[in-house]
Amino acid sequence: MTKRIFVTRRIPDIGISMLKAKGYEIVQGAYKVPPTKAELIKVIQKAKKQGKPFDAILTLLTDKVDADFIQAAAPSVKIISNYAVGYNNISLQDADKAGITITNTPGAFSDCIAEHTVALIFALTTRLVEADQYVRKGKYKGWDPMLFVGTDLSKRTVGILGAGHIGERVAMHLGKGFDMKVMYYDVKRNETLEKEYGAIFCANPEEIYKEADVISLHVPLLPSTTHMINKKTLAMMKKTAIVVNTARGPVVEEKALVEALKKGVIAGAGLDVFEFEPKISKELCKMSNVVLTPHIASARESARNEMATLAAQNIIDVLEGKTPVGLVKVN
Ligand code: DGY
């Protein structure tokens, strides 16, 4: 029987073509904004009622794949392929119980997320966004030695929290390219970081909070990393420090960050992700020492195509009885 795949939203055609080339039938959501869990479950249940249940589902990081979703998907669905490196939107335990394989797209876009991280850091230290707005508003009346004075990166310290592929690339750009001292914290040591980029391992993130001028977040969202940046940890940082988050919103307690920025506890923040995404604190939006982007760190054609290819290949592998490259292991 023809295998049926539910792709919850639009993804680059390259992934869809791969699935079609295998003869699979594709049902693709046409939602303009992230669908609710109920909307997705309705599609899954309708397919079941029609006697044409899905064999695989390709989800996005905005799709809530919890016990209800898994229950609707089982027993026909063999794999849920997440079009993302993060998979905090999926209940691994429930999927495991239902015998559903979960996959992600590891390493597909480490480079572009690292570059976006560096862009946010530069935007803050050069005051790029503020200066751009100043010029556009017609406020520039002539050269001024005191206008938009920024800060250097060279010889300063960057603290990387989370030393996976992305953290490693950020360390490479800033350590090798900008002569920054690199400190890092992770639950396990990263030899490449230490050997290639001279990074100093910190067994405790507090060392980083106290010493770093730039604190860059690259940890996955786990119970242990939720609100890692909070009132207490912000208070340990230098008044001149900036925090950059291209990982997951809830790693930073947004309320505490807003307070810290208002009171000058730290100097600035660059955020691509938000605790209550897509909702963003109104106060953050008014601050000039903050640069905000709408979760676009991986938004490059190359990365998106690679993610689509990996997500499709994961489905093909599982449906053909092979081990997928993006297999997420359940602890
Ligand atoms: C991911 O895939 O986890 C990223 O957040 C997408 O930018």
Side-chain angles (χ1 to χ4, degrees), residues 7-12 14-15 29 31 33-35 57-66 79-92 95 101-121 123 160-170 173 186 216-226 228-229 243-252 254 269-280 291-315 324-329:
V7 179
T8 62
R9 277 179 85 189
R10 201 174 156 218
I11 62 159
I14 189 165
Y31 310 98
V33 291
I57 305 181
L58 192 151
T59 51
L60 304 195
L61 58 90
T62 40
D63 299 332
K64 196 170 165 50
V65 182
D66 62 3
I79 165 170
I80 294 179
S81 169
N82 213 32
Y83 178 88
V85 70
Y87 44 84
N88 54 291
N89 57 313
I90 300 179
S91 166
L92 297 185
T101 300
I102 301 298
T103 59
N104 68 345
T105 55
F109 44 73
S110 306
D111 275 328
C112 63
I113 299 202
E115 285 173 23
H116 194 83
T117 304
V118 174
L120 286 174
I121 295 169
I160 311 260
L161 298 177
H165 296 285
I166 301 168
E168 205 176 289
R169 298 302 286 169
V170 172
H173 288 305
D186 201 316
S216 198
L217 305 173
H218 304 289
V219 290
L221 183 64
L222 301 168
S224 58
T225 59
T226 301
M228 192 171 184
I229 303 302
V243 171
V244 176
N245 189 8
T246 52
R248 280 291 180 267
V251 173
V252 176
E254 199 163 288
L271 307 171
D272 184 52
V273 288
F274 306 91
E275 184 173 3
F276 305 107
E277 209 168 308
K279 286 198 193 110
I280 303 171
V291 177
L292 310 168
T293 53
H295 205 150
I296 53 161
S298 66
R300 305 275 178 83
E301 205 179 326
S302 57
R304 293 283 189 245
N305 282 342
E306 209 182 319
M307 288 165 79
T309 305
L310 259 176
Q313 191 60 48
N314 284 332
I315 291 179
V325 62
L327 179 68
V328 172
K329 294 203 179 88

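Numbers for residues simply follow the sequence, beginning at 1. In listed order, ligands and their atoms are each counted from 1.
- Between Arg9 and Thr62, some side-chain heavy-atom pair lies under the 4.5 Å cut-off.
- Considering both main-chain and side-chain atoms, Ala84 never comes within under 3.5 Å of ligand 1 through any nitrogen or oxygen pair.
- Comparing Met307, Arg248, His116 against atom 1 (C) of ligand 1, the shortest heavy-atom distance belongs to Arg248.
- Heavy-atom distances between Phe109 and ligand 1 reach below 4.0 Å in at least one pair.
- In terms of polar-atom proximity, defined here as any N/O pair under 3.5 Å, His295 does make such a contact with ligand 1.
- The proximity of Leu61 to ligand 1, defined as any non-hydrogen pair under 4.0 Å, is limited to the side chain.
- Any N or O atom pair closer than 3.5 Å counts here, and Arg304 shares no such pair with ligand 1.
- A salt bridge does not link Glu277 to Arg248: none of the charged nitrogens lies less than 4.0 Å from a carboxylate oxygen.
- Inter-residue side-chain proximity for His295 and Leu61 is flagged as met; some heavy-atom pair is nearer than 4.5 Å.
- Looking only at heavy atoms of the protein, atom 6 (C) of ligand 1 is closest to Ser298 OG, 3.3 Å.
- Atom 2 (O) of ligand 1 has its closest protein heavy atom at Val85 N, 2.8 Å.
- Judged by distance alone, the side chain of Arg304 and the main-chain N or O of Ser298 form a donor-acceptor pair under 3.5 Å.
- A heavy-atom distance below 4.5 Å is found between the side chains of Arg169 and Asp111.
- The distance from atom CD1 of Ile229 to atom CG of Leu217, rounded to the nearest 0.5 Å, is 5.0 Å.
- Neither the backbone nor the side chain of Tyr83 has a heavy atom within less than 4.0 Å of ligand 1.
- Between atom CG of residue Leu60 and atom CE of residue Met307 there is a gap of 8.5 Å, rounded to the nearest 0.5 Å.
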